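Structure first, then comments.
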Amino acid sequence: MNGLHELFCTLLHAYNKRHWWPAKTPFEMMVGAILTQNTTWTNVGKAIANFGDRLSPAFIAHVNCDELAQIIRSSGYYNQKAIKLKALTEWYGKYEYTIEKAAHIDGELLRTELLSVKGIGRETADSILLYALHKPFFVIDTYTKRILSRLGYDIPTAYDDLRLKIEASLPRDVYLYNEFHALIVEHAKRHCKKKPSCAGCPVETVCQKRI
DNA sequence: GTCCCGACTA
DNA sequence: TAGTCCGGAC
């Protein structure tokens, strides 16, 4: 895919560094990755805040599912997500709730593990790999597909086909992947929405405006 | 009513 | 591949 690095530079110039992921700890990041599935971040923020000082693996491991569901109610799909947080925490326990111990494992192996956890699909797995474990996997979300599609790129149907295509077009660099995805999210929120608002868009001159 | 940084089930 | 899960902001 030609021009991806130029796109990165344009977005970086337009929006500046994003300093992602917005979370105080790696575990909070992983919890946020589950809670934000098909949900606005403002609703996730309310759920995170509802934990108070209880946002720890030990708490989630021991609290009952109904109480956990009520804590995260604002994030939607709360019954499903309560089960997912339990499953995530159980996986994390394999590494004694220590991100350094998990990060010691090979990235591809970790990805396979994460994908076997109930509630963690490809996008969520890659988010966790990139933002909590600092492994170079490019995160594909609806924003990424929408923006690249409107810019005229041919988007493969399968998630991993697109991911590998993008990764092959960029230096395999955790910092670059981190910042790029953050910029994509910012661009999607500011301009490249489902109903686009193109006034002031930094890539308007090269956009195909395919809806 | 629409939309939101998806994933599972059948 | 469609149906389901689900609240909250707009």
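Note that the structure is a prediction, hence the values are computed from the model and not measured. Below, chains carry the letters A, B, ... as their sequence lines are ordered, and counting in each starts from 1.
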**Request:** Using the C1' atom on both, measure B:dC4 against C:dT1 and round to a whole Å.
**Result:** 22 Å
**Request:** Output yes when at least one side-chain N/O atom of A:Thr39 is less than 4.0 Å from OP1 or OP2 of C:dC6, else no.
**Result:** no
**Prompt:** Relative to each other, are the rings of A:His187 and A:Tyr15 parallel, tilted or perpendicular (30° and 60° limits)?
**Reply:** tilted
**Message:** Is the phosphate of C:dC5 approached by A:Arg73 (side-chain N or O, under 4.0 Å from OP1 or OP2)?
**Reply:** no
**Message:** Just to be sure I understand the rule, does A:Ile184 reach a base, reach only the sugar-phosphate, or reach nothing, if contact means heavy atoms closer than 4.0 Å?
**Reply:** nothing
**Message:** Could you work out, with side-chain contact (heavy atoms from CB on, under 4.5 Å) as the rule, every residue matching A:Cys9, not counting sequence neighbours?
**Reply:** A:His5
**Item:** Distance-only polar pair, side chains of A:Thr39 and A:Lys81, donor-acceptor under 3.5 Å
**Value:** yes
**Asked** Among the nucleotides B:dA7, B:dC4, C:dA9, which one has an atom lying closest to any side-chain atom of A:Lys194?
**Response** B:dC4
**Item:** Nearest-angstrom distance from the residue atom NZ of A:Lys195 to C1' of B:dC3
**Value:** 11 Å
**Message:** I want to check one thing: is the phosphate of B:dG6, taken as OP1 and OP2, less than 4.0 Å away from some side-chain N or O of A:Thr142?
**Reply:** yes
**Message:** Of the options C:dA9, C:dC6, B:dC3, whose atoms approach the side-chain atoms of A:Gln80 most closely?
**Reply:** C:dC6
**Asked** Between C:dC6 and B:dT9, how far is it from one P atom to the other, in whole Å?
**Response** 14 Å
**Message:** Quick check: on DNA chain B, is the nucleotide nearest A:Asp141 upstream (toward 5') of the one nearest A:Gly119, or the reverse? Name the residue that is more 5'.
**Reply:** A:Asp141
**Message:** As a check on the pairing definition, encode DNA chain C in dot-bracket form, counting Watson-Crick and G-U wobble pairs whose two distances are under 3.5 Å, and using | for partners outside this strand.
**Reply:** |||||.||||
**Request:** Using a heavy-atom cut-off of under 4.0 Å over every strand shown, decide if A:Lys46 touches base, sugar-phosphate, or nothing.
**Result:** sugar-phosphate
**Message:** I'd like to know if A:Glu186 and A:Arg18 make a salt bridge, using a cut-off of under 4.0 Å between side-chain N and carboxylate O.
**Reply:** yes
**Prompt:** Given atom CG of A:Leu162 and atom P of B:dG6, what is their separation to the nearest angstrom?
**Reply:** 15 Å
**Asked** Is it true that the side chains of A:Tyr95 and A:Glu113 contain a donor and an acceptor less than 3.5 Å apart?
**Response** yes
**Asked** In whole angstrom, what separates A:Asn43's CG from C:dG8's C1'?
**Response** 4 Å
**Asked** Using a cut-off of less than 4.0 Å, is there contact between a side-chain N or O of A:Tyr78 and OP1 or OP2 of C:dG7?
**Response** yes
**Fill in**
Comparing A:Asn38 with A:Thr42, nearest DNA chain C nucleotide closer to 5' gives the residue A:Asn38
**Asked** A:Tyr92 vs A:Phe27 aromatic rings, parallel, tilted or perpendicular, using cut-offs 30° and 60°?
**Response** parallel
**Item:** Distance test, side-chain N/O of A:Lys118 to OP1/OP2 of B:dT9, below 4.0 Å
**Value:** yes
**Request:** Taking only the side-chain nitrogens and oxygens of A:Asn79, find out if one of them lies under 4.0 Å from OP1 or OP2 of C:dC6.
**Result:** yes
**Prompt:** Would you say a side-chain N or O of A:Lys81 is under 4.0 Å from OP1 or OP2 of C:dG7?
**Reply:** no
**Asked** Where does the angle between the aromatic ring planes of A:Phe180 and A:Phe138 fall among parallel (under 30°), tilted (30 to 60°) and perpendicular (over 60°)?
**Response** perpendicular
